[in-house]
Chemist: 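Dropping the structure in here first, questions after.
A, B, ... follow the sequence lines: proteins, then strands. Residue 1 opens every chain.
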There are 2 protein chains.
Amino acid sequence: MARGVGSSDGKRRPITARELARMIGVSQSAVSRAFTPGASIAAELRQKILKFAEEQDYHPNAIASMLSKSRTNIVGIVVSDMSNPFYPALIQKLSQGLQRIGLQSLLFNITKGSNIEEQLSALRRYNVDAVIVISATMLSGATLHWATEGRAAILINRVVEDADINCVCCDNVEGARAIADHFHELGRRRVAYVSGLSHTTTNLERQNAFITRIAELGMTLTGRVDGGEYSYEAGRRAALEIAAKNNADAIFFANDILAIGGIDALREDVGKRVPEDISVAGFDDIPMASWPHYALTTFRQPLDEIVTVVVGMLEDGSCQPGQPSSVRRISGGLIVRHSTGPLG
Amino acid sequence: MARGVGSSDGKRRPITARELARMIGVSQSAVSRAFTPGASIAAELRQKILKFAEEQDYHPNAIASMLSKSRTNIVGIVVSDMSNPFYPALIQKLSQGLQRIGLQSLLFNITKGSNIEEQLSALRRYNVDAVIVISATMLSGATLHWATEGRAAILINRVVEDADINCVCCDNVEGARAIADHFHELGRRRVAYVSGLSHTTTNLERQNAFITRIAELGMTLTGRVDGGEYSYEAGRRAALEIAAKNNADAIFFANDILAIGGIDALREDVGKRVPEDISVAGFDDIPMASWPHYALTTFRQPLDEIVTVVVGMLEDGSCQPGQPSSVRRISGGLIVRHSTGPLG
DNA sequence: CTGAAAGCGCTTACAG
DNA sequence: CTGAAAGCGCTTACAG
């Protein structure tokens with residue numbers, strides 16, 4: 001076998017509990033108990049052992065612990081698209097939230113094309129305690145089931161109502177309605193909608209709520225384009241398409257990165273003024289949305305609350321396989337900026 | 001103990017090698033060998049076992065394997081700042097590169113303020129095979145040594161020449177000189193420099209090379225500001241400071257996200273034209289650098305090559321503790337865009 | 001090539 | 001409260 005990571009040259013083996021126990025003259029069980037909160041061990045013995053451990057730089061081997069407790073304290077985080085700036089922010093907050101309750105994050109970056117089950121096989125072999133799926137797209141229902149069966153699982157920003165699975169999701173209906181209402185108040189009447197991936201639940205919820213609401217308000221849907229992905233480039237292409245075919249005076253993009261691409265296309269490629277000629281709104285409130293050139297009106301996804309709910313479910317065990325699954329909708333908030341100013 | 005992730009309710013225990021072996025009527029060793037590439041086992045036996053395994057949905061338990069091989073196939077990735085869009089892109093490519101050679105990524109998101117060694121303690125307890133440190137900042141030399149001692153380690157974009165540690169880094173000197181040369185060709189003569197964190201090696205290299213080069217070229221350094229962090233907001237603040245005090249006709253920002261903030265401040269807050277009044281260049285080539293409003297001239301960090309080199313070092317074992325450490329400089333490339341157009 | 005057995009370093013009933 | 005011992009599910013010399 002090739003050398004490479006893990007070959008043993010140069011690595012000093014760390015000291016074990018048994019060795020430490022022998023040095024102190026206690027049993028190995030005692031050492032284990034000293035490191036187990038709530039274990040039945042005399043306070044002084046624990047102190048003594050911890051002191052020696054410190055001196056000898058002993059740390060319990062987590063791998064051995066995993067094996068005997070059949071619990072890893074590892075959460076698998078399944079992601080597919082870090083190019084949408086919304087995800088890095090979420091992942092960062094999430095992994096920090098998990099760290100706070102003693103859970104580590106094992107990152108699974110799935111890519112289109114290659115065999116996804118193969119990419120996720122480590123999820124099962126490593127016996128992660130829980131799976132958090134952030135990639136709204138990419139995973140079919142079957143793969144999702146396969147990847148999460150028999151273990152705690154939470155989907156973020158993807159909803160599967162029928163299947164027995166936990167979902168934590170921004171309130172897309174609330175958000176899409178808020179955008180529609182906002183367009184209406186601004187006097188916009190010919191609106192268009194741009195989706196990222198039309199079949200995703202995130203999109204369906206936003207799209208249906210938006211279209212329903214504009215109909216209620218007596219506005220016209222002048223165009224609907226599917227970008228094919230949630231990206232800056234897709235937003236540009238979609239905006240061009242809408243500008244070419246429709247006379248929309250407002251566009252709601254399914255998320256911010258699409259909207260930002262859209263604004264650039266409208267201004268740079270088509271020569272439209274945003275917002276004077278056409279209002280643009282997005283969804284998420286990524287950092288770039290507040291950059292002055294875009295000043296994008298958007299519906300904020302409450303990252304902190306989402307993370308709090310997810311971490312809470314992991315902490316209280318309510319996402320365990322035995323438990324009834326739930327769909328948690330987290331309320332967001334409309335952020336009005338310049339991209340939806342008055343007609344000019 | 002509280003319920004929570006890992007409590008056993010509802011989880012079916014997966015089948016073990018011993019159970020599978022009994023079903024087939026072979027030894028447990030045989031099952032293990034069937035799953036070990038290169039193990040001495042008859043081809044037919046292996047096929048038979050793999051077939052049964054498939055049927056019974058048996059997968060070797062990676063935790064047990066880790067314990068007996070004392071090798072985890074896990075790489076700890078230490079990150080501190082995912083808000084700079086350069087890092088998500090790097091992490092994504094890196095984790096995919098690692099996955100390709102069978103390594104999983106355990107993410108460590110360290111945060112200012114709290115105890116870093118505590119946050120990194122899992123790095124040791126989990127016995128990761130290797131540590132990749134991406135956070136240029138945050139880690140003191142001592143912490144770095146503590147976190148990586150005795151195991152394979154690679155620093156990305158941070159260089160510690162004296163310590164015995166592996167570094168993979170974009171050629172900052174090449175990049176900073178290229179920017180200086182480019183400013184000079186454009187006829188700019190009064191240049192300023194903005195750092196993110198002045199004490200980081202990344203900054204020192206870029207700054208020193210830049211300042212040295214402009215001196216060689218007979219240009220004047222009219223200002224130097226430290227942003228205090230690599231962020232959009234810091235870039236804005238720094239640009240304002242420079243605009244207020246100096247009459248610079250070009251600014252080199254230590255990275256793109258600073259430069260983008262700088263452009264916005266110059267245009268929105270100070271009313272300067274970029275590039276007609278002042279040229280702006282950055283470093284990294286993040287996606288936003290190519291957005292038309294910024295069209296930022298920058299020095300591209302070759303992400304793919306960096307990842308290739310890192311993965312290669314992990315694969316061939318050259319980053320093992322026993323091996324001599326090395327500093328690998330990866331060559332980048334100047335990307336000229338509109339932000340450094342001719343004087344207007 | 002194959003199996004029995006020791007061992008990886010913990011946890012945790014069990015008995016005292 | 002404490003220790004001896006079985007067990008977590010693999011890997012891998014060792015003997016055949």
Chemist: B:L20 CG to D:dT11 P: how many Å, rounded?
Modeler: 13 Å

Chemist: Between atom CG of A:L103 and atom OG of A:S95, what is the distance when rounded to the nearest 0.5 Å?
Modeler: 11.5 Å

Chemist: Are there more than 12 heavy atoms of other residues, nucleotides or ligands under 6.0 Å from atom CZ of A:R328?
Modeler: no

Chemist: A side-chain contact here means heavy atoms from C-beta on lying under 4.5 Å apart; do B:M66 and A:L67 qualify?
Modeler: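 A side-chain contact is absent here, since even the closest heavy-atom pair is not under 4.5 Å.
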
Chemist: Expressed as a whole number of angstroms, how long is the span from A:N61:CG to C:dG9:P?
Modeler: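 Rounded to whole Å, this separation is 7 Å.
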
Chemist: Has the side chain of B:T202 got a donor or acceptor atom that lies under 3.5 Å from a matching backbone atom of B:N157?
Modeler: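 Between the backbone of B:N157 and the side chain of B:T202 there is a qualifying donor-acceptor contact (under 3.5 Å).
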
Chemist: Among residues 40-49 of chain A, which contact DNA chain D at a heavy-atom distance under 4.0 Å?
Modeler: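 Nucleic-acid contacts, sorted: A:S40, A:I41, A:A42, A:L45.
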
Chemist: Rounded to whole angstrom units, what separation is found between the CG atom of A:L67 and the P atom of D:dA6?
Modeler: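 The answer, rounded to whole Å, is 17 Å.
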
Chemist: Side chains of B:L94 and B:I156, heavy atoms from C-beta outward: is any pair under 4.5 Å?
Modeler: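 In short, these two side chains touch, coming nearer than 4.5 Å.
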
Chemist: For A:Y58, report the nucleic acid contact type (base, sugar-phosphate, nothing); a contact means any heavy atom under 4.0 Å.
Modeler: sugar-phosphate

Chemist: A:K69 NZ to C:dC10 C1': how many Å, rounded?
Modeler: 10 Å

Chemist: Between atom CG of B:L90 and atom CD1 of B:I134, what is the distance when rounded to the nearest 0.5 Å?
Modeler: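 If I round to the nearest 0.5 Å, the distance is 4.5 Å.
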
Chemist: Would you mind reading off the distance between B:F35 atom CZ and D:dT12 atom P, rounded to a whole angstrom?
Modeler: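 To the nearest whole Å, that distance equals 15 Å.
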
Chemist: Should B:R124 and B:E149 count as an ion pair when the cut-off is N to O under 4.0 Å?
Modeler: yes

Chemist: Let me know the distance between CZ of A:R18 and C1' of C:dG7, rounded to the nearest Å.
Modeler: 12 Å

Chemist: Scan B:V131, B:I154, B:I132 and name whichever one has a side-chain contact (heavy atoms from CB on, under 4.5 Å) with B:V75.
Modeler: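 Result for side-chain contact (heavy atoms from CB on, under 4.5 Å) with B:V75: B:I132.
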
Chemist: So what does the secondary structure string of DNA chain D come out as, 5' to 3', with Watson-Crick or wobble pairs under 3.5 angstrom, [ ] for crossing and | for pairs with another strand?
Modeler: |||.||||||||.|||

Chemist: Any ion pair linking A:K51 and A:E55 (charged N to carboxylate O, less than 4.0 Å)?
Modeler: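 Between A:K51 and A:E55 there is a salt bridge, with a charged N closer than 4.0 Å to a carboxylate O.
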
Chemist: Rounded to the Å, how far apart are A:N127 CG and D:dG9 P?
Modeler: 9 Å

Chemist: Any side-chain heavy atom of A:Y126 within less than 4.5 Å of one from A:L106?
Modeler: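 Yes, close enough: below the 4.5 Å cut-off.
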
Chemist: Would you kindly give the CZ-to-P distance between A:R33 and D:dG3, to the nearest whole Å?
Modeler: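 Taking atom P of D:dG3 as the reference, CZ of A:R33 is at 8 Å.
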
Chemist: Please determine which of B:T143, B:L155, B:V79 meets the side-chain contact (heavy atoms from CB on, under 4.5 Å) test together with B:V133.
Modeler: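 Of the listed residues B:T143, B:L155, B:V79, the side-chain contact (heavy atoms from CB on, under 4.5 Å) partner of B:V133 is B:L155.
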
Chemist: Does anything in residues 22-32 of chain B come within less than 4.0 Å of DNA chain D? Heavy atoms only, and list the residues if so.
Modeler: B:Q28, B:S29, B:S32

Chemist: Looking at the side chain of B:A17, which of D:dC10, C:dC8, C:dC10 is the nearest nucleotide?
Modeler: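 That would be D:dC10.
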
Chemist: Pick the C1' atom in C:dT12 and in C:dG16, then give their distance to the nearest Å.
Modeler: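 Here C:dT12 and C:dG16 have their C1' atoms 16 Å from each other.
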
